[in-house]
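This report concerns only the one structure given below.
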Amino acid sequence: MPKFLHTADWQMGRTYSRFDMEDGAALVEARFEVIETLARLASDHQCDAVLVAGDVFDAQTVSDRTIRRVFNATASFSGPWVMLPGNHDAALVESVWSRAQRLDAVPGNVHLALEPGVITLDEQRLAVLCAPLTQRHTYDDLTGAFSDYETPEALVRVGLAHGSVQGLLSEDIDATNPIAQDRAQASRLDYLALGDWHGTKQVNERTWYSGTPEPERFRNNDAGQALIVTIDEPGSTPAVQAVTTARYQWHQWRETLSVDSDLDQLLERLQALPQASVLDLRLEGQVTLAGEERLNRALSEAEARFRSLLSDRSALKLTPTDEDIAALRADGYLGDVIEELREQQSGEDGELARDALAILASVLKGQTQEAAE
Amino acid sequence: MKLQKLQVEQLRQFQQPLVLDNLQPGLNLIHGPNESGKSTLVRAIRAAFFERYRSKSVDDLSPWGDSGASPTIRLEFEHQGTPWRLTKSFLKRARCDLSIGTETYSGDQAEERVAELLGYEYSKKGSSKAEHWGIPGLLWVEQGTGQEVQKAIEHAGDHLQSALNALVGEVASSGGDAVIETLSAERNKLLTRTGQPTGDFKQLVEQRQELQQRKADLQERVSRYQDYVDRLQSVTREYQHDQQTRPWEAAQQQLTEARARLDKLEQLEQQQQQETQTLSHIDQQRKLTEQRLDDLRRIDQQKADRQAGLEKAEQSLRDAKARGPALAEQLRIARDDYETSQSRLKTARLLAERQRIGKEIERLTQRKALLAGNRDKARKHQGQVAEARQQARDNRIDAGAVQDLKKTEQALGHERIRSQAIATRLSWKLAPESGARLGDSGLSEQGEQQLLEASRLTIPGVGHFDITPGGEQLAETRRKLESLEQACADQLAQLAVTSVEEAEQRKLAYEKADQQRRHAEELLHSVAPAGVEALDAELSEVELELKNHHQRLQANPLPADADDGLSLSEAEAVNDRAESHLKTCEHQQRELEALTMSRQQARDNAFAEWQRLDQETGSQAHQQQLADLKQRLEALTGERDQARTNLEQRAREIQQAHPDILRQDIERYQITIDNLRNRQQGRDREIREIRARLDAWGAEGLEETLQEVAADCERCERRYRELSRRADALERLVSLLNEKRQALTRRLQAPLQRHLDHYVSLLFPQARLALDDQLQPDTFTRGSELGPVKDLSFGAREQMGLISRLAYADLLKEADRPTLVILDDTLVHSDQSRLDDMKRILFDAARRHQVLLFTCHPEKWQDLGVLPTDLEQLKSAPAPAS
């Protein structure tokens, strides 16, 4: 009853340009930690092996330190690891893998599937049919060769590949590195462990994308998991269990504010998010000056609480109310200016007008406060 | 606001209180000459309002030399129905009191109230300056500053603004300007005046560029890295492919085969070379054989040639020999002729000699006769010469001495005559024998004697007479006479003559003998120039020679054939011809001999040659050799043809094997092998190089670094966008605010413009004075003229200044602000007609405002329609009770 952990798309060496330095560093660190998490999970679940379906590294030329840390992080699981080169870390004549080997960073229990073929784990009763990418891109179905690979009948036949299953994923996803949808059946695989799609996705009962164990984009669906696959014996339907591995949850909110209660709801939702969140917030609609002040305060608090908060309010119009303006004591032509900017927000340079209005409001507010003091 | 009363005391020249209390609500004309205190009053009003009562900078207010004074000003005015009383004392007793209606204020508070009412500020330090004066600064015109309205308007700015705001009924935004200022400051932190990034923003822009550059550099390196990887991939594949297929080995095989073919070919070529050598050998032998054959044949030919030569030589020899006898006969005749001519020539010569000797004898004989004659004549002449010489010797006398003697005797004669003339004459006749004696000498019976010296005449028996001649010269004459007599005697003695006549005779005889001698000598010389002895010698020589010739003639007897008749020259000519002919004949004889000899030699040679050849050709060995050579030549020709055929065959074989192409093939295969091996080695090298480079670059973690830099870059970009947006927003905001503010200002301009138009139309119909954004008079238009106010004449600017001020006053009035217009000797630069217009304007303005007009030219303002206040008169008025 072989049992193994299926993971992929670690993308080690990736950095996060959208975030501040500190946040980016923390997110990078989380990716190293998740490897340890995976190793621990494999141990905890008494897996026989860990199969990594490509893109262990985000690039060919990552620092030596990164390479060493990746392999060091596997230490908690002493069983066999099979790592497959994906499109980001293809097994080129000179690659991150050859470098790792030269660095002597690859532990003995880690098998690098640098060439197409079968890695037989007799003890684990697993025959891993590997279709590594040896070029950055290919337009052939590398898994086609699986059909020709003969494996001992007693072993469970598991395919390990990296690419996009034909006709399943939307067209704008990489058309390169194609994989036939019926590969498992056609090549008599008990299970086909795939990488490249960053969310967990089942293609059919024998074919799965595990997704990345730690999300690195906002637009992944069901990212941050690993799959624990149990196959009773050759030919059995695999039992697949998704396990959460992510440390941070990535959220992307696109909210439209129109009335005060919208703002209230948003603030409540913010409040409800756990600390280990990475939030990308884009607001549209309109808000009063008083509302914006509340929003500012709430976002300021959230920024401190969450791992990271990105907010885009460029499409959120400011609609000062009469009370707002009165509070700002914007008399005379200042009032005219506020009125004009408020109107301009709907025009061509709406963002500019919005920014100008926000600045004016803050200055006026500062002055009224000074005056009050 | 209406000023009702003004009182000053202890202030400059107003030690005593001066009160100005009949001030009218409208126009007030206060006049006085210079120094009358007119300006002091103006100063007093200004001090009362502008200067802090505590100010230490108002010393100018003190009366001159009175440091203990307290300059004091009291003002009473009414504003909006409420009476205001302001009393201000400076310096010594500094204080300020104010009552407004029933309220009273003092000190700073009082001052603030007044400042608030009129709209001005106090100086924080020192005396009040123009920038503090606010609205009064605009309405109170100091002497000579009427035209400078711009600064005054600026200083009045805020007060005017608030007045205007109140007037237009709009809120000009209480904090608007402060907001603009704040936002401008914010904007200026990011942007320069021209809108370029500055400060942090600028740094960010630079940082952004730098990061982008770094990113681009890294991207470039990553791309190169990937290119290297690709290159490595392809080179490795090629390398491995060639390692397996080993294409150079196939090429090697081809090379080996080609070499084998070439070896064969080379053997053929060697054979060809040998055969060529053989052929050339045969050719050479053939040539030699032919040569020898030719040689043999040539000997036969030579023999025939020699035979002909021999015959020819013999013929010529015969010809030469045939000429011999004729030539010998010719020679003999020539010799005989020559001998005959020789003999005849000898005879001719002998005859000629005898003739010559005969002639010589004849000549010598004649000569001998001549010489003998001459000798005889010479001997006769010789005797004559000797005789003449004897004669001369006998009569020899010195001609000079004779001459001297003659002179001496002459002188003596003369002297005697003289002495007789002077001597004492003694004459006497005496008895015979008287025996008288004169001196020692007896005297004759009769006689006469001249006595020249004392003489004694003795007469015997008688005694004696001593006679002494007188005369003074007598002694000298007597001495001279004596001397001459002596000289004459001496000379005679010397010449051995007794008298002069004898001397003369001897001299003549001598001269005659000498002459004869010379004549004889000349004759002698003519016949015997060399002397008689030479003549004798010559004669004997001639005689000897003559004798010789006679002997020679005898020695040459007359030949027998002497009658031949040929002269010597003829004989010589005949002889010459005979000799010449003989020589010719002898020469011909010798030549013929030589010719005969040489021909004989030639014939002998030719014969010897012919004989030799005749023997040679005739031998059997010769014939045998000829036959052998012919045979050998035939054999060699056969061999040659065979060798040629062989060579052609070989050349065809070689041709068919294409040796050039074969060699090219070998070169090609060799190069191919080299290239293949080199390329493989090159690949190996390149693989190692690329690997080394990739290893080095890989250690840098290029892509990871790139990601980091890209992240930095994006952060920077984000920050840049934020700042950029903020800068844009600020820019927009500031410009929008300014725009609005200006629009508002333009609205505020309207009422002011209205008042301004009112006054301008009074001064210049159809003219207009436009205001700028700052509510300043800006451009002046009259008809088609248009120009800035500052370009107008001084007078016009002063008028415009006053008009503007009055317009402001109207505006302030409308805004319920106090207006008091004070003009200190204004409009002095206006001409009469313009001044008249200005008076209308002033009169019009005074209907709305109180106007205090101070002047020292009251006559100019007579028609202002107000009662002037004479300051002088006021000063002389009794002081009011305080």
Side-chain angles (χ1 to χ4, degrees), chain A residues 12-21 24 28 57-67 88 90 92-96 98-99 102-103 134-136 310 314 328-337 340-341 344 349 351-360 363-364 366-368 370-371, chain B residues 165 170-176 178-180 182-183 186 221-222 225-226 228-230 232-237 687 690-691 694-695 697-715 717-718 725-726 728-734 736-737 739-744:
Chain A
M12 300 312 295
R14 164 158 295 191
T15 52
Y16 298 91
S17 57
R18 292 189 59 184
F19 301 96
D20 287 345
M21 204 88 83
V28 166
F57 294 98
D58 193 53
Q60 296 284 12
T61 46
V62 297
S63 69
D64 291 355
R65 183 166 182 269
T66 300
I67 293 173
H88 281 262
L92 304 178
V93 64
E94 168 71 20
S95 67
V96 65
S98 59
R99 184 157 192 85
R102 275 207 302 283
L103 288 174
T134 53
Q135 294 166 355
R136 288 187 196 92
L310 303 172
S314 55
L328 291 175
R329 297 191 197 165
D331 52 1
Y333 60 85
L334 285 181
D336 295 350
V337 170
E340 187 160 340
L341 287 174
Q344 280 180 4
D349 283 338
E351 262 186 56
L352 186 64
R354 187 209 174 279
D355 289 348
L357 186 55
I359 291 169
L360 181 58
V363 168
L364 287 172
Q367 281 186 345
T368 52
E370 268 175 40
Chain B
N165 291 348
E170 276 199 76
V171 185
S173 173
S174 47
V179 168
I180 290 178
T182 307
L183 289 170
E186 285 294 312
R221 288 193 67 193
V222 166
Y225 179 90
Q226 286 172 352
Y228 276 128
V229 172
D230 291 348
L232 181 63
Q233 184 101 37
S234 69
V235 175
T236 307
R237 199 179 299 125
I687 286 166
I690 294 177
R691 278 196 186 283
L694 288 178
D695 194 34
W697 286 24
E700 294 176 32
L702 278 180
E703 282 165 289
E704 201 173 343
T705 313
L706 172 62
Q707 280 202 18
E708 280 160 16
V709 171
D712 285 348
C713 204
E714 205 176 312
R715 278 181 209 112
E717 185 69 34
R718 247 186 343 257
R725 273 174 63 170
R726 181 172 168 79
D728 289 349
L730 281 167
E731 183 86 337
R732 162 71 64 91
L733 204 49
V734 169
L736 192 60
L737 282 165
E739 211 175 277
K740 291 287 177 196
R741 187 176 180 280
Q742 277 170 18
L744 178 66

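Computed from heavy atoms alone, side chains included, the values below leave out hydrogens, waters and symmetry copies.
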Review point. Is there a donor-acceptor contact under 3.5 Å from the side chain of B:R725 to the main chain of A:L352?
Key: no
Practice item. Nearest 0.5 Å please: distance from the CG atom of A:L92 over to the CD atom of B:Q226. Key: 8.5 Å
Study note, to complete from the structure: Under 4.5 Å to a heavy atom of chain B? For A:R14 that would be both
Exercise for review: Grab the two heavy atoms, one from B:A711 and one from A:T15, that are nearest each other, plus how far apart they are.
Suggested key: CB-OG1, 4.4 Å
Review point. Chain A heavy atoms under 4.5 Å from B:R691: which part of the residue, side chain, backbone, both or neither?
Key: side chain
**Study point:** Atom group of A:Q344 that falls short of 4.5 Å from chain B, counting heavy atoms
**Key:** side chain
**Study point:** Pick from B:R715, B:E700, B:E714 with the largest number of heavy-atom pairs that fall under 4.5 Å of chain A
**Key:** B:R715
Exercise for review: With the side chain counted from C-beta on, respond yes when B:Q707 and A:D58 share a heavy-atom pair under 4.5 Å apart, and no when they do not.
Suggested key: yes
Check your understanding: Quick one: of B:T182, B:V222, B:V229, who has the most non-hydrogen atom pairs under 4.5 Å with chain A?
Key -> B:V229
Revision key, fill the gap. So, the part of B:D712 with a heavy atom under 4.5 Å from chain A: the answer is side chain
Review point. Are the side chain of A:S17 and the backbone of B:A710 linked by a donor-acceptor contact shorter than 3.5 Å?
Key: no
Exercise for review: Could you check which of A:D20, A:V28, A:I67, A:L103 has the highest count of heavy-atom pairs closer than 4.5 Å to chain B?
Suggested key: A:D20
**Study point:** Euclidean distance, A:L357 CG relative to B:L736 CG, rounded to 0.5 Å
**Key:** 10.5 Å
Exercise for review: Quick one: which of B:E739, B:R726, B:Q233 has the most heavy-atom pairs under 4.5 Å with chain A, could you say?
Suggested key: B:Q233
Exercise for review: Go through B:L694 and A:Q60 one step at a time and tell me if the side chain to side chain contact (heavy atoms under 4.5 Å, CB included) criterion holds.
Suggested key: CA-CA 11 Å; B:L694 288 178; A:Q60 296 284 12; over 6 Å; no
Practice item. Go through the steps for A:D355 and B:D728 under the test side chain to side chain contact (heavy atoms under 4.5 Å, CB included), then give the verdict. Key: CA-CA 9 Å; A:D355 289 348; B:D728 289 349; over 6 Å; no
Review point. Considering only heavy atoms, which portion of B:L183 lies under 4.5 Å from any heavy atom of chain A: side chain, backbone, both, or neither?
Key: side chain
Point to revise | A:G13 backbone acceptor or donor facing B:E704 side chain under 3.5 Å | key: no
Study note, to complete from the structure: Applying a strict 4.5 Å limit to non-hydrogen atoms, the region of B:E731 in contact with chain A is neither
Point to revise | From CA spacing to verdict: side chain to side chain contact (heavy atoms under 4.5 Å, CB included), A:T61, B:L706 | key: CA-CA 10 Å; A:T61 46; B:L706 172 62; over 6 Å; no
Review point. Among B:T705, B:V734, B:D695, B:I690, which has the most heavy-atom pairs under 4.5 Å with chain A?
Key: B:D695
**Study point:** Closest approach of B:Y225 to A:E94 (non-hydrogen atoms, all atoms of both residues)
**Key:** OH-CG, 3.5 Å
Point to revise | Engaged part of A:T134 at the chain B interface, taking heavy atoms whose separation is under 4.5 Å | key: backbone
Review point. Chain B heavy atoms under 4.5 Å from A:F19: which part of the residue, side chain, backbone, both or neither?
Key: backbone
Exercise for review: Report yes or no: does B:R718 contribute a side-chain atom to a donor-acceptor pair with the main-chain N or O of A:R18 at less than 3.5 Å?
Suggested key: yes
Review point. Any side-chain heavy atom of B:I687 within less than 4.5 Å of one from A:V93?
Key: no
